[in-house]
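Note sheet for the following structure.
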Number of protein chains: 4
Amino acid sequence: MEKAARRRAILDAALQVFSEHGFAGTKLDEVARRAGIAKGTLYLHFTDKEALFRGLVEENIAPVLADADHVVGLFPGTTRELLDLLIGLLAARILDRPASAIVRLMIAEGPRFPELAAFYHREVVARGLALVRQILQRGLERGEITSDLGVRFPQLVISPAIVAVVWNSMFGAIEPLDARSFLMAHRDLLLRGLGWREN
Amino acid sequence: MEKAARRRAILDAALQVFSEHGFAGTKLDEVARRAGIAKGTLYLHFTDKEALFRGLVEENIAPVLADADHVVGLFPGTTRELLDLLIGLLAARILDRPASAIVRLMIAEGPRFPELAAFYHREVVARGLALVRQILQRGLERGEITSDLGVRFPQLVISPAIVAVVWNSMFGAIEPLDARSFLMAHRDLLLRGLGWREN
Amino acid sequence: MEKAARRRAILDAALQVFSEHGFAGTKLDEVARRAGIAKGTLYLHFTDKEALFRGLVEENIAPVLADADHVVGLFPGTTRELLDLLIGLLAARILDRPASAIVRLMIAEGPRFPELAAFYHREVVARGLALVRQILQRGLERGEITSDLGVRFPQLVISPAIVAVVWNSMFGAIEPLDARSFLMAHRDLLLRGLGWREN
Amino acid sequence: MEKAARRRAILDAALQVFSEHGFAGTKLDEVARRAGIAKGTLYLHFTDKEALFRGLVEENIAPVLADADHVVGLFPGTTRELLDLLIGLLAARILDRPASAIVRLMIAEGPRFPELAAFYHREVVARGLALVRQILQRGLERGEITSDLGVRFPQLVISPAIVAVVWNSMFGAIEPLDARSFLMAHRDLLLRGLGWREN
DNA sequence: AATGAATGAGGATTCATTCAT
DNA sequence: GATGAATGAATCCTCATTCAT
């Protein structure tokens, strides 16, 4: 349908512009220009600037959730294999502009959009952390790891991915961080820290 | 001197308001109001909004650097003790509103202030990471740890602190993260991951 | 086209207001109000206050130049007839509010807009003086006048017209000067001074 | 007295700044700076910006009037000699920055200060024109000139002086006008135009 | 008297939103 | 539906004026 394509073009443009200028700094003129439509047309798709921002975040969540389901689906395998898979996905996502831009936007603007933060927490963060917990819990039960720190603080597993996004957005031009090697190092450190032992 | 106090009041107010609304979203009227001065008075201390923002970041760096020097000064001790010290400081800093607000602001606005990001990188981030490297390098030399992953990716040591700040700013109202326990868990995981062995 | 009419309305209002209050003293709010449009609409036609001022001067030059060409076109006639024609045009222009307001504005604001003054000199003043020189040079060649002072100082021919404008703008309410009689007297004095002799 | 010197310094500075930027464009900060005093001190001498402007014009009139009296005092002489004297004074005045700046200011700002324009008309212009009339009337009575056009339109005698001031303020950088030669040419043209005949 | 820091009304400019075409 | 010209509220910044020292 034509309408859906139009909507997608707007959201793509909005992601770029919000990402470059932040919420308050974004001019809808520029979003419209990049989307190749007239300014007024924006209002046929989104009631106002805030709705556009919310739509942006909400509609970029689907692929993330699909990823998670994918990981869950591949559950057979060692904890190491699952963590590798997870980190591979994170790396893919991090190298992937849209999703990392969304993460950055949520960090930058989250405090000004509490309901959106709650939505993001519920739909993305809580699910992601639950997935991490599942993987590690299973590792404990199988005797592949011995520490429950990861289950208790699943954010520890995710932290380096967040930092890689933030780092490259701020210091990418000065001292870029290779996200893949960084996350590989993290996986090694993490597994050893959790008491990993090949059975 | 009266002038310095006025300046401090302005910076305190600015930290609050920039922190709540971001750079573009901040009204200087509100900064002035919270500082208890007239709008025009702001301009006797800072040439414009951007100078105020820069001043805010720059003048909040001094205490951070003082901390770092302090840690270096206390160098004798095991790697575990030093990491504890470091993490204690991070926790103190994280629980400390001003500094965490600055970190958040830098993450949110950094991409729009490249020179400021460079300044922050040079004065705070690079020094902090150098300190981490020193500590871990010394641990390797003393045989207290065996992995050099921390030396190669010192950001891994810092990541959970950054995430704790970001987490609480976004999800503090929904699911607060106890920064101290979180960082203690991190320290345990990290040390074990690095091959910690009490001599 | 509607757009051109809007632009004309703005320039008309701007001429009034700039003329009454000078450049710095003019409020764009008032220009908009008198043009019957909203403040923001001004900016769809002129990028800023200075562009509006420049546009005002530049677009009021066309009719003046058309007049000058007209005079040149009517060249056959005695020097007296040509001077009469010229003075008639000056009088018409002087009694004509817009042009005299422009002259006043240029005198008042010229020093603060050097490029605009240069433009005005090039497009209006130099051409006007060249026309005066042509007329007088022809008079000398035909033996109708004997002095070359007018050719050497064509500003002498124009001075009373300028003064009439300035006088009436300043003292019009106190002691108005009848521009037509004034310029007629000037013509008589000038011709006699240049050694006029009917052939 | 110290106070009078202070006042003079302020007026000198004010003349410069008003002359460069016009009334609305003048910042009292800059006047104070150039006068070498604090901003607040201005208000010990002039109640407000407008009073300063008025004072400026009013206090620069004395020397002009003194000149005029001087001319009247030297009355014996031919009409040519008196006109020479008058034009010499005008040239001196025109080459003299302060007075020409005042003339320019009155032209530029006069319409916004009607009472000041009236004052200027009464104290300077009317007296100057009366003087011109006296000289020419005497010339007629003595039979040195035959036309009464100058008596009827004394502004014709003054016009080139005004134009010289205006010209050089606007086009001085592009095509400067030598005021002295210009006024000499005017004198010759004028005398001949009035029917001058050496007795 | 002199100072200059402080004030806050005022004005240029921007931009989210509306609406006639 | 789509457009983009028009709107005017909102915000940064300036500067004449005041006043405590």
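Each chain gets a letter, A, B and so on, in the order the sequences are listed, and its residues count up from 1.
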Quick one: side-chain contact (heavy atoms from CB on, under 4.5 Å) partners of [X], sequence neighbours excluded?
{"X": "A/Ala108", "value": "B/Ala108"}
{"X": "C/Lys39", "value": "C/Asp29"}
{"X": "B/Ile174", "value": "A/Ala118, A/His121, B/Phe171"}
{"X": "C/Ser100", "value": "C/Arg97, C/Val165"}

Residues D/Arg112, D/Glu109: salt bridge by 4.0 Å N-O rule: yes

Taking every non-hydrogen atom, the tightest pair across D/Val31 and D/Ile10: CG1-O, 4.1 Å

Side-chain heavy-atom pair C/Ser19, C/Arg104 within 4.5 angstrom cut-off: yes

Show every donor-acceptor pair shorter than 3.5 Å between a side-chain atom in residues 51-59 of chain B and any protein atom, with sequence neighbours excluded, or say none if there are none.
residue: B/Arg54; atom: NH1; partner: B/Glu50; partner atom: OE2; Å: 3.4
residue: B/Glu59; atom: OE2; partner: B/Arg7; partner atom: NE; Å: 3.1
residue: B/Glu59; atom: OE2; partner: B/Arg7; partner atom: NH2; Å: 2.5

By side chain to side chain donor-acceptor pair (under 3.5 Å) - contacts of C/Arg122 (at least two apart): none

By side chain to side chain donor-acceptor pair (under 3.5 Å) - contacts of C/Arg33 (at least two apart): none

Ring center gap for D/Tyr120 and D/Phe113 short of 6.0 angstrom: no

Non-neighbouring partners of C/Asp48 that pass salt bridge (charged side-chain N to carboxylate O under 4.0 Å, His left out), sequence neighbours left out: none

Listed nucleotide nearest any side-chain atom of A/Lys3, set F/dT11, F/dG1, F/dT3: F/dG1

Nearest to side-chain heavy atoms of C/Arg6, which nucleotide of F/dT7, F/dC12, F/dA16: F/dT7

First-last contacting nucleotides on DNA chain E - partner chain A, under 4.0 angstrom, heavy atom: E/dC15 to E/dT18

Approximate separation, where rounding is to 0.5 Å, of C/Glu30 CD and C/Thr26 OG1: 7.5 Å

Selection: residues 33-53 of chain D, any non-hydrogen atom under 4.0 Å of DNA chain E: D/Ile37, D/Ala38, D/Lys39, D/Gly40, D/Thr41, D/Leu44

For DNA chain E, the residues among residues 17-26 of chain A that have a non-hydrogen atom under 4.0 Å from it: A/Thr26

Intra- and interstrand pairs of DNA chain F - dot-bracket, Watson-Crick/G-U under 3.5 Å, | marks other strand: .||||||||||||||||||||

